[in-house]
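Single-structure report; data block below.
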Amino acid sequence: MYLADHAWPDLESYFDAESLALVPVGSTEQHGPHLPEATDALIAEGFAREAAERTGYLCTPTVSIGVSPHHRQFPGTMWVDGPAFRNYMESLTRNLAYHGIDRVIYVNAHGGNVEHLREVGRRLHEEELLYAIEWMWDNSITERIEEVFETPGPHGGPKETSLIWHLASELVHEDRIEDARDGGLASFDADTGRMYGARTFYDAIDNSENGVFGDQTDASPEIGEELFEAACENLVSLTEWLAAQSRSSLLPQERR
Ligand SMILES: [Zn+2]
């Protein structure tokens, strides 16, 4: 059920019967020469709407601008800073609580949002207002991603390329996929941008000329469909698990 498509009497019946909401959270930022800046927003919305469709739970409109200042050197990247994003997400989540929602899944597709969504969830949990958790599709299928791609890359790599090829193929510049690999950093690993254990960089451009990481030539719409299905199953299971929990089990434990 997609909130923005419905009139209030139908939403009233939903809030009378259910108390769970899926909130897609993405970004609008550079994803290399071959993918749209909406990549993370499209992925988050794709998962949240599909899981809502399959389970009957509510999906809200997408928060499509996130914490992306580390991509600002590339034209078009949009961002808000961390405190503004946390305030906005907290306010939006309090709005859902007002309508009776007591459990939320932030269906997130942007790494830069993770710590902020966790912090918002932690505070609202501590306050016993509601229970909100962050879910990111690729973290739910890490083993499969490592099997499929030699260098998945943390940003704009073959996993995101495959997903967008599956979800919105008209937005993929197929003729630039080799350029994406050749002009970026194909061999990203745990040592990239690190000195003696410290992370020495702040911006994507410090490690990648065109802003992306991984070997995009390993991407395909077929792999995108397979990964989408696998992660979507996890999101559906998570949604059903969360809906089945008692409210008291989602509150913080008493001080000892
Ligand atoms: Zn992305």
For [X], I'd like to know if atom [atom1] has over 12 heavy atoms of other residues, nucleotides or ligands within 6.0 Å.
| X | atom1 | answer |
| --- | --- | --- |
| Q245 | CD | yes |
| Q73 | CD | yes |
| W241 | CH2 | yes |
| Q253 | CD | no |

Drop me the distance from [X]'s [atom1] to [Y]'s [atom2], to the nearest 0.5 angstrom.
| X | Y | atom1 | atom2 | value |
| --- | --- | --- | --- | --- |
| T28 | I65 | OG1 | CD1 | 5.0 Å |
| E115 | F85 | CD | CZ | 10.5 Å |
| S91 | R86 | OG | CZ | 14.5 Å |
| E240 | L235 | CD | CG | 10.0 Å |
| L35 | W165 | CG | CH2 | 9.5 Å |
| H70 | T77 | NE2 | OG1 | 9.0 Å |

Report task. Just jot down the salt bridge (Lys or Arg N to Asp or Glu O under 4.0 Å) partners of E127, sequence neighbours excluded, or say none. Result ->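 Here the qualifying residues are R94.
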
Query raised in the report: Which residues pass the salt bridge (Lys or Arg N to Asp or Glu O under 4.0 Å) test with E143, sequence neighbours left out?
Result: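 E143 satisfies salt bridge (Lys or Arg N to Asp or Glu O under 4.0 Å) with no residue once adjacent residues are dropped.
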
Check whether [X] reaches the backbone of [Y] with its side chain - one donor and one acceptor, N or O, closer than 3.5 Å.
| X | Y | answer |
| --- | --- | --- |
| S140 | W137 | yes |
| T151 | D215 | yes |
| E29 | E37 | no |
| T55 | Y57 | yes |
| D182 | D179 | no |
| R176 | P33 | yes |
| H155 | Q30 | yes |
| S13 | P9 | yes |
| D191 | R194 | no |
| R122 | L117 | no |

Under-4.0 Å salt bridge between [X] and [Y]:
| X | Y | answer |
| --- | --- | --- |
| K159 | D218 | no |
| R181 | E209 | no |
| R123 | E119 | yes |

Report task. Please lay out, stage by stage, how H166 and E226 fare under the test side chain to side chain contact (heavy atoms under 4.5 Å, CB included). Result -> CA-CA 9 Å; H166 168 57; E226 185 210 313; over 6 Å; no

Report task. Please test L227 against F149 for side chain to side chain contact (heavy atoms under 4.5 Å, CB included), starting from the C-alpha separation and ending with a verdict. Result -> CA-CA 11 Å; L227 297 180; F149 304 122; 3.7 Å; yes

Least distance between heavy atoms, [X] atom then [Y] atom:
| X | Y | value |
| --- | --- | --- |
| P69 | V67 | CD-C, 3.4 Å |
| H34 | I177 | CD2-CG1, 4.0 Å |
| L11 | M1 | CD2-CE, 4.1 Å |
| Y14 | L20 | OH-O, 2.6 Å |
| A4 | P61 | CB-CG, 4.1 Å |
| G156 | Q216 | O-NE2, 2.8 Å |

Any side-chain heavy-atom pair from [X] and [Y] closer than 4.5 angstrom?
| X | Y | result |
| --- | --- | --- |
| C59 | P24 | yes |
| T142 | R144 | no |
| W135 | N108 | no |
| Y131 | L251 | no |
| L163 | I223 | no |
| H110 | I43 | no |
| Y106 | I133 | no |
| R72 | W79 | yes |

Query raised in the report: What pairs with N210 under side-chain hydrogen bond (donor to acceptor under 3.5 Å, both in side chains), at least two apart in sequence or on another chain?
Result: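 S208.
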
Query raised in the report: Is it true that the side chains of S19 and D102 contain a donor and an acceptor less than 3.5 Å apart?
Result: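 Short answer, yes.
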
Query - Y2 and T60: side chain donor to acceptor below 3.5 Å - result: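 No, because no side-chain N or O of Y2 sits under 3.5 Å from a partner of the opposite role on T60.
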
Shared hydrophobic cluster, [X] / [Y] (ILVMFWY, side-chain heavy atoms < 4.5 Å):
| X | Y | result |
| --- | --- | --- |
| I141 | I105 | yes |
| L130 | L58 | yes |
| V212 | I164 | no |
| F74 | F188 | no |
| I145 | L238 | yes |

Report task. Mind running salt bridge (charged side-chain N to carboxylate O under 4.0 Å, His left out) on R199 and D206 for me, showing each step along the way? Result -> CA-CA 12 Å; R199 196 167 141 172; D206 296 337; over 6 Å; no

Requested in this report: Take V107 and V25 through the side chain to side chain contact (heavy atoms under 4.5 Å, CB included) test and state the conclusion after the steps.
Outcome: CA-CA 6 Å; V107 179; V25 190; over 6 Å; no

Query raised in the report: Does the ring centre of H31 sit less than 6.0 Å away from the ring centre of H173?
Result: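 No, ring centres 6.0 Å or more apart.
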
Query - Pair R54-E50, salt bridge (charged side-chain N to carboxylate O under 4.0 Å, His left out): steps then yes or no - result: CA-CA 6 Å; R54 291 186 195 181; E50 187 63 26; 2.8 Å; yes

Requested in this report: Assess whether side chain to side chain contact (heavy atoms under 4.5 Å, CB included) is satisfied between F228 and L167, documenting all intermediate values.
Outcome: CA-CA 9 Å; F228 182 82; L167 293 171; 3.8 Å; yes

Report task. Please determine which of V104, L22, L250 meets the side chain to side chain contact (heavy atoms under 4.5 Å, CB included) test together with L242. Result ->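 Of the listed options, the one satisfying the test is L250.
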
